[in-house]
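Working notes for the structure below.
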Amino acid sequence: MRQMEYRRPTDVAEAVAVVSGDPDAAFLGGGSNLVDHLRLGITRPGALVDVTGLPMASMEVYDDRLRVGANVRNSDLAAHPVMRSRRPVVARALLAGASGQIRAPGDHLRQPAAVHPRRLLPGRHDPVQQARPRQWLLGGRAVRPVQRDPGRLPGVRGGATVRPRRGPAAVDAVVVVLGPGGERRVPVVDLHRLPGDRPDQDTVLGHGELITAVELPRHEVARWSTYLDEEDTVATPIGSRGIGEIGIVGTAAAVANATYHATGVRVRELPVTADRFL
Amino acid sequence: MQSAFLGADGLQCGYCTPGQVCSAAGMLDEVERGHPSYVTEDLETTPELTDEEIRERMSGNLCRCGAYVNILAAVRQAAATTGRPA
């Protein structure tokens with residue numbers, strides 16, 4: 001078993017300093033992305049810096065923008081009065097994204113990363129998959145503004161109609177990043193990158209850079225928009241969604257057992273390919 | 001909540017019951033704090049605890065025995081007993 005150091009700083013600057021100063025360290029949030037990468041051997045950090053205890057769970061309201069801390073939980077964000085009145089599109093998307101049992105511990109920033117293709121199919125980067133990280137996903141589903149008659153949708157008054165633009169474009173969100181060189185802001189549309197020649201890099205963030213908040217600038221259209229729960233035929237041509245990940249865990253084990261039964265060779269690593277039996 | 005589950009017969013095999021009870025307690029707490037749900041019509045009002053709201057808010061917990069009808073009754077009963085908004 002590979003040994004890993006675990007640290008749980010209480011200060012944001014300290015967390016950034018620790019990871020920046022150690023090329024072998026990685027930030028640990030909820031772990032749904034990182035733990036998958038550990039299992040697949042995509043990443044092997046020597047130290048994990050837990051950011052879940054950092055003081056980034058506040059929501060601040062300014063005249064020109066809302067600032068949502070990176071550790072704000074989905075449930076709390078969807079329930080916040082300002083989100084409900086000024087950004088119903090975000091609140092609705094969060095409420096549609098998962099059951100309350102998942103929203104309560106889920107944080108709004110890290111869930112998007114969990115759908116990155118690197119986790120789904122390592123090494124395979126077809127155009128359909130490449131399209132995915134460009135979406136900003138709230139609670140696991142793409143957000144798009146109202147396209148049809150918004151007057152008839154629950155909880156929506158007024159009549160703004162906008163073209164369906166995906167993701168962060170819907171609310172023009174900006175990600176606040178703290179790194180060794182200080183703070184910078186990245187429009188959320190520019191956060192994720194295409195795999196290209198560096199499929200190991202999900203985002204434009206450098207080593208040691210930590211997302212501390214998302215800012216939502218003043219946005220009159222978002223104020224009158226809501227979220228439509230529609231089939232997404234762009235991310236996958238048939239509009240499928242990832243609902244079977246847990247249920248399919250046993251399948252690989254069953255197949256591995258079957259190959260052992262048939263050949264007498266026990267393969268303990270995935271994928272179970274022919275060369276592993278020789 | 002535990003007595004309400006017993007009283008309303010909100011279980012068959014009991015496997016999912018601890019999770020159902022925890023979810024129900026947490027969910028009622030969220031309702032008390034005014035959290036909306038996917039089925040809340042108007043985000044700017046305080047949601048009421050209708051049967052539809054209970055079903056939606058408990059939707060993350062599955063019961064393979066299908067005791068949902070009695071689970072609903074148990075949650076409703078517990079909410080009424082503790083004086084939560086109904």
(Q) Tell me whether Arg84(A) contacts the main-chain N or O of Thr45(B) through its side chain, where contact means a donor paired with an acceptor under 3.5 Å. (A) yes
Q.
Is there a side-chain contact between Leu95(A) and Glu56(B) in this structure, where contact means two heavy atoms from C-beta onward sitting under 4.5 Å apart?
A. no
(Q) Within a 6.0 Å radius of atom CD on Gln2(B), are there more than 12 heavy atoms belonging to other residues, nucleotides or ligands? (A) no
Q. Considering all heavy atoms of both residues, which atom of Ala78(A) and which atom of Pro36(B) are nearest to each other, and what is their separation?
A. O-CG, 3.7 Å
Q) Which of residues 8-23 of chain B get closer than 4.5 angstrom to chain A, counting heavy atoms alone? A) Ser23(B)
Q.
Return the CD to OG distance between Glu30(B) and Ser75(A), rounded to the nearest 0.5 Å.
A. 4.5 Å
**Q.** Atom of Ser37(B), atom of Arg92(A) and distance for their closest heavy-atom approach
**A.** O-NH1, 4.3 Å
**Q.** Residues in residues 58-73 of chain B near chain A [non-hydrogen atoms, under 4.5 Å]
**A.** Met58(B), Ser59(B), Gly60(B), Asn61(B)
